Peer 1: 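Okay, here's the structure, questions in a sec.
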Amino acid sequence: NPQIEPVGPVSIIVSSADHTVYVYRNGVEIGRAPVNGLENFTGLYIYSALTDIDSEGQRKWFYSGNEGSDPASKLNDLIKQASVNPQFLVNLRSLIVQGTTIILTNAPVNVDNQRSGGFNIITTADPL
């Protein structure tokens, strides 16, 4: 439901613990969908969409991940292994622009995590 919050930065959280993809815009949840195929996923990986598109039409990403891991391969693994509703995926891809953030985690996303500190969704009110 992107119309809930029509403008602002988009953050996507993929939680293997919840088997769910959460989508936030301007800090407001605008969608979620179940995701399968993440049973063996562990760690925390953060990606930010760049403006560049490669020769195959795929967006390039800036990324960071657990020490000793390869964040680029984690995103590729996720794309190959994960299964989500095709229409949800089409809608989600249409929201991804430069600066969109994707967080891959094996932690659950719940109210307790969000209130315990250290959990911030980017909003247009956040200073740069």
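Every value quoted in this text rests on a predicted model; they were computed, and no experiment measured them. Note that these values count all heavy atoms, side chains included, but never hydrogens, waters or copies made by symmetry.
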Peer 1: Could you tell me whether the side chain of R32 and the main chain of T20 form a donor-acceptor pair under 3.5 Å?
Peer 2: no
Peer 1: Measuring only between side-chain heavy atoms, which start at C-beta, is T105 closer than 4.5 Å to I13?
Peer 2: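 They are in side-chain contact.
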Peer 1: Starting at CD of Q98, measure out to OG of S48 and round the result to the nearest 0.5 Å.
Peer 2: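 OG of S48 is found 8.0 Å from CD of Q98.
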Peer 1: Answer whether the closest heavy-atom distance between the side chains of T101 and V10 falls below 4.5 Å.
Peer 2: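 Not touching, per the 4.5 Å side-chain cut-off.
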Peer 1: Side chains of I12 and L92: does their closest heavy-atom pair fall under 4.5 Å?
Peer 2: yes
Peer 1: Are N26 and V7 close enough that some pair of their side-chain heavy atoms sits under 4.5 Å apart?
Peer 2: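 When only atoms from C-beta onward are counted, V7 and N26 do not touch, as no gap falls below 4.5 Å.
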Peer 1: Measure the shortest side-chain to side-chain distance between I46 and I102 over non-hydrogen atoms and say whether it is less than 4.5 angstrom.
Peer 2: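 They are not in contact (no side-chain heavy atoms under 4.5 Å apart), so the answer is no.
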Peer 1: Could you state the interatomic distance from OH (Y24) to CD1 (I30), rounded to the nearest 0.5 Å?
Peer 2: 11.0 Å
Peer 1: Please name the pair of heavy atoms, one in A49 and one in V97, separated by the smallest distance, quoted to 0.1 Å.
Peer 2: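 Looking at all heavy atoms of both residues, the closest pair is CB-O, 3.3 Å.
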Peer 1: Apply side chain to side chain contact (heavy atoms under 4.5 Å, CB included) to the pair V14 and I103, showing each step before the final yes or no.
Peer 2: CA-CA 6 Å; V14 180; I103 301 168; over 6 Å; no
Peer 1: Please tell me if the side chains of L104 and F41 come closer than 4.5 Å, counting only heavy atoms from C-beta onward.
Peer 2: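 The answer is yes, as the side chains (C-beta and beyond) meet within the 4.5 Å cut-off.
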Peer 1: With rounding to the nearest 0.5 Å, note down the distance linking CD in Q81 to CG in N40.
Peer 2: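 Answer for the CD-CG pair, Q81 versus N40, is 7.0 Å.
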Peer 1: Kindly check if the number of other-residue, nucleotide or ligand heavy atoms within 6.0 Å of CG (D54) is above 12?
Peer 2: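 Yes, enclosed.
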Peer 1: For Y47 and Y63, take the angle between the two ring planes, folded into 0 to 90°, and tell me which bin it lands in: parallel under 30, tilted 30 to 60, perpendicular over 60.
Peer 2: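 Rings of Y47 and Y63: tilted, 30 to 60°.
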Peer 1: Could you tell me whether the side chain of L50 reaches within less than 4.5 Å of the side chain of R59, counting heavy atoms only?
Peer 2: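 No, too far: nothing below the 4.5 Å cut-off.
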Peer 1: Between N106 and G43, is there a donor-acceptor pair closer than 3.5 Å when you use the side chain of the first and the backbone of the second?
Peer 2: yes
Peer 1: Using every non-hydrogen atom in the two residues, find where R25 and P2 come nearest and quote the distance to one decimal.
Peer 2: NH2-CB, 3.6 Å
Peer 1: Is there a donor-acceptor contact under 3.5 Å from the side chain of S15 to the main chain of A107?
Peer 2: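 Judged by distance alone, yes, a pair lies under 3.5 Å.
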Peer 1: How close do L95 and T100 get, counting heavy atoms only, and between which atoms?
Peer 2: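 Minimum heavy-atom contact is O-OG1, 3.7 Å.
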Peer 1: In this structure, are over 12 heavy atoms from other groups packed under 6.0 Å from Q3 atom CD?
Peer 2: yes
Peer 1: For Q87, what residues pass the side-chain hydrogen bond (donor to acceptor under 3.5 Å, both in side chains) criterion, not counting sequence neighbours?
Peer 2: N91
Peer 1: Which heavy atom in F88 sits nearest to a heavy atom in V84, and how many Å separate them?
Peer 2: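 Smallest interatomic distance, heavy atoms only, reads CD2-CG2, 3.8 Å.
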Peer 1: Are side-chain heavy atoms of S16 and E39 found at a separation under 4.5 Å?
Peer 2: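 Answer no - side chains too far apart.
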Peer 1: Please tell me whether V23 and V28 are part of a single hydrophobic cluster in this structure, the criterion being side-chain heavy atoms less than 4.5 Å apart.
Peer 2: yes
